[in-house]
Every structure is written in structure tokens, then in C-alpha cells.
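Worksheet for the structure shown next.
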Amino acid sequence: MSDLPDEFKCTITNWEYIYGLCRTVSTEVKRSEFEPDVVVALARGGWFAGRCICDFLGLDDLTSLKMEHYVGTAEKTGEPQIRYPMPEGSVEGKDVLIIDDIADTGGSIERAHEYVTDRDADQVRTGTLQLLQTSEFEPDFVGERLEEWAWVVYPWNFIEDMIDLISGVMRKAEGETFTPEEIRRLLAEFHEIERIQMEIAQPNRLNEVLVEMERRDAIDRDGANEWQLVEG
Ligand code: ADE
């Protein structure tokens with residue numbers, strides 16, 4: 001999320017919605033008559049989906065591939081890298097379904113497809129819960145296509161993403177200290193996160209995130225209901 005512009009649209013999702021997308025991807029796989037032997041879930045975003053899709057398809061062979069986007073220290077390269085090699089025998093000779101949460105540039109899933117194919121898998125297919133129009137790679141199975149680019153906040157990294165978003169808006173906004181209500185207003189202004197939508201998707205979570213930010217020394221409480229960023 002670090003190299004995004006100051007203002008971009010975010011969509012907050014919840015478990016029910018995402019579980020529905022897992023079901024849709026699984027239904028597409030069944031309809032295609034592709035019968036994978038193993039699911040490869042890309043870490044970290046594809047884990048929940050990979051596990052649920054195994055359940056929908058009746059598979060007990062689930063393995064993981066850790067993709068990394070960062071090389072060196074601060075430099076972000078377009079090329080996703082594989083962090084750890086896959087265990088011996090995990091895909092060789094098998095029909096493989098590679099799963100990730102979202103195809104944005106499509107780079108991760110494309111690289112994973114290439115890697116698994118090079119490991120002498122038999123048939124290799126790919127699936128993502130969501131597909132953005134920016135993707136240069138077309139997965140075989142897609143839960144939903146998004147017309148408009150957005151940063152999707154998934155339930156499994158709700159706290160991590162909200163900490164990034166809240167720190168970002170506090171840094172960009174005028175002023176030193178902010179009430180929770182002011183933080184909500186900034187989330188709407190910079191990221192189109194409306195209060196009602198956030199409360200429907202993830203009810204009563206803002207205070208939990210603020211307290212966790214304090215625990216991680218990202219913000220300080222300044223008075224009863226005012227928060228300020230910790231510099232550095
Ligand atoms: N990872 C890469 N692109 C993303 C996006 N648009 N939303 C959520 N996670 C992502």
C-alpha cells in the first residue's frame with residue numbers, strides 16, 4: 001500500500017462477503033470440470049480463500065507459496081519474487097489450482113503460474129476472488145470483476161490496513177490531534193470510506209484499531225478522546 005497516491009478509493013469487506021466469493025470461484029472450477037489435486041494458496045492474501053476452496057471442492061491437499069514484492073530495502077520492483085521454495089513433491093505431476101485474493105497488476109499470480117509450471121506440475125489453473133481491470137493476467141476462475149480500481153480491505157488484514165490508512169490520513173491532514181470522528185471524516189475524504197459502510201462491514205472496530213495503534217506506538221492519546229501520531 002506504501003506507494004499509492006494520497007487519495008484512493010478503499011472498499012471494506014467482511015467475512016460473509018468474501019466467503020461468498022470463495023464459493024463463486026469454487027462453483028466456476030466445478031463447472032469447468034477441472035479437478036485439481038492440490039491447491040496452492042499464495043501467502044499471505046490467498047490463504048483464507050485457498051482453505052475455503054479446498055473445503056468447497058473436497059480437497060485435502062493445500063500448500064502455500066510466499067510471494068514477495070520488495071527487493072532490497074525501500075525499493076519496490078515490479079517483479080514479484082518467490083520467498084521460499086516449495087516443498088519437494090508438492091506439485092510435481094499434479095493438477096494444480098493456484099489461488100490468490102486479488103489480481104491487481106496480475107504480476108504475483110502470473111509469476112506463481114510460471115513457477116509451478118516449471119516445477120513439472122501437470123495442468124495448472126489460476127483463480128482469484130477479485131480481478132481489477134488493471135491486471136495484465138487473466139485468471140481462469142474469478143469470483144468478481146471490479147469495474148473501478150479500489151484498495152480492497154480484506155477481513156484477514158483489517159487491522160494492518162486500517163493502521164496504514166489512519167496513519168496516512170493523520171500525516172496528510174492539517175492538524176496535530178484528531179478525535180475518532182475527525183478520523184472517520186478523513187477516511188471518507190481521502191479514501192471514500194463512509195461511516196455507515198464501514199460499520200456495516202466491520203462494526204465497532206475503529207476504537208479497537210486506535211487502541212492497537214497505541215499499543216504499537218504509532219499514535220498517542222492526547223486527552224480523553226484525542227489522538228496524535230508518534231513521529232519517527
Ligand atoms: N494487493 C494488491 N492490490 C490490492 C488491492 N487493490 N486491494 C487489496 N490488496 C491488494
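Numbering of ligands and ligand atoms starts at 1, following listing order.
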For this session: Quick one: look up the protein heavy atom nearest atom 3 (N) of ligand 1 and list residue, atom name and how far away it is.
Result: Asp104 OD2, 2.8 Å

Exercise. Regarding Glu144 and Gln130, is there a side-chain donor-to-acceptor distance under 3.5 Å anywhere?
Worked result: yes

For this session: Look at ligand 1 and say whether Ala150 reaches it with a heavy atom at a distance under 4.0 Å.
Result: yes

For this session: Would you mind checking if Glu181 and Arg185 are paired as a salt bridge, meaning a charged N to carboxylate O distance below 4.0 Å?
Result: no

Exercise. Would you call the rings of Tyr154 and Trp156 parallel, tilted or perpendicular, where under 30° means parallel and over 60° means perpendicular?
Worked result: parallel

Problem set entry | Reference residue Ile82; test side chain to side chain contact (heavy atoms under 4.5 Å, CB included); the match among Arg111, Lys66, Glu114 | Arg111

Exercise. What atoms in ligand 1 come closer than 4.0 Å to a heavy atom of Leu132?
Worked result: 6 (N)

Seminar exercise, completed: atom 7 (N) of ligand 1: closest protein heavy atom, distance to 0.1 Å, is Val152 N, 2.9 Å

For this session: Would you check whether Trp151 has a nitrogen or oxygen atom less than 3.5 angstrom from a nitrogen or oxygen atom of ligand 1?
Result: no

For this session: Would you indicate whether Arg125, at its atom CZ, is surrounded by more than 12 heavy atoms from other residues, nucleotides or ligands within a distance under 6.0 Å?
Result: yes

For this session: Check whether any N or O atom of Ile102, backbone or side chain, sits under 3.5 Å from an N or O atom of ligand 1, and answer yes or no.
Result: no

